[in-house]
Amino acid sequence: MITTRLFIASGLLAASLLATSLLASSAAAEEAPAPAQQAVREIEIIVDGGYKPSRIVVKEGERVRLKVIRRDYSPCAREIVFASLNIRRELPVNAPVIIDLPALSPGEVEFKCGMSMLRGAIVVEPRK
């Protein structure tokens, strides 16, 4: 009988310690600030006889969103292609097209129209 009570008491003590430990770790997790997300930089590109701007400078790892607006009715301006990123988007006239770029490594990322007549580049500078 005494061993049964001792067994039950030790089980309750272990459960109590476990519950206290879980509550403490949960409270610590709630108090810890969430990591700040880097803001997205939105860059507008107008397609009208060329890309404006045709050269864009960003920092390595910077979050970039392109907003491409086609004003040019020529068939050449119908799409934009980032071959090295495997991105190809149709560009309807006067309708913004949003392109979220992946994290970019230092160097240059070329973009062009589907006929390779209109050209531009994103220059990615190393983060210091």
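Numbers here simply count residues along the sequence, with the first being 1. Every value quoted in this text rests on a predicted model; they were computed, and no experiment measured them.
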Seminar exercise, completed: Minimal heavy-atom distance between F111 and I122, with the atoms involved, is CE2-CG1, 3.9 Å
Exercise. Are any of the side-chain heavy atoms of I69 and I45 separated by less than 4.5 Å?
Worked result: no
For this session: If a pair satisfies ring pair (Phe, Tyr, Trp, His ring centres under 6.0 Å) and one of its residues is in residues 86-107, list it, with sequence neighbours excluded.
Result: none
Seminar exercise, completed: With sequence neighbours left out, the residues meeting side-chain contact (heavy atoms from CB on, under 4.5 Å) with E60 are P106, V124, P126, R127
Exercise. About how many Å separate CG of L104 and CZ of R63, when rounded to the nearest 0.5 Å?
Worked result: 12.5 Å
Seminar exercise, completed: Here the gap from S54 atom OG to I46 atom CD1, rounded to the nearest 0.5 Å, amounts to 13.5 Å
Exercise. Who passes side-chain contact (heavy atoms from CB on, under 4.5 Å) against A121, sequence neighbours left out?
Worked result: R55, E108
Exercise. Heavy atoms, side chains only, cut-off 4.5 Å: are V68 and P96 in contact?
Worked result: no
Exercise. Would you find a donor on one side and an acceptor on the other, under 3.5 Å apart, between the side chain of D72 and the backbone of G49?
Worked result: yes
For this session: Quick one: list whatever passes side-chain contact (heavy atoms from CB on, under 4.5 Å) with V64, sequence neighbours left out.
Result: I43, V58, E62, L66, L101
For this session: Output the distance between atom CD (E125) and atom NZ (K59), rounded to the nearest 0.5 Å.
Result: 4.5 Å
Please table the atom pairs, donor to acceptor, closer than 3.5 Å between any side-chain atom in residues 78-93 and protein atoms at least two apart or in another chain.
{"from": "E79", "atom 1": "OE1", "to": "R88", "atom 2": "NH1", "distance (Å)": "3.3"}
{"from": "E79", "atom 1": "OE2", "to": "R88", "atom 2": "NH1", "distance (Å)": "2.9"}

Exercise. Who are the side-chain contact (heavy atoms from CB on, under 4.5 Å) partners of S116, not counting sequence neighbours?
Worked result: K112, R119
Exercise. Going by atom types only, do R70 and N94 share a side-chain donor-acceptor pair under 3.5 Å?
Worked result: no
Seminar exercise, completed: Rounding to 0.5 Å, atoms CD (E44) and NZ (K52) come to a distance of 12.5 Å
For this session: Supply the atom-to-atom distance M115 CE to C76 SG, rounded to the nearest 0.5 angstrom.
Result: 5.5 Å
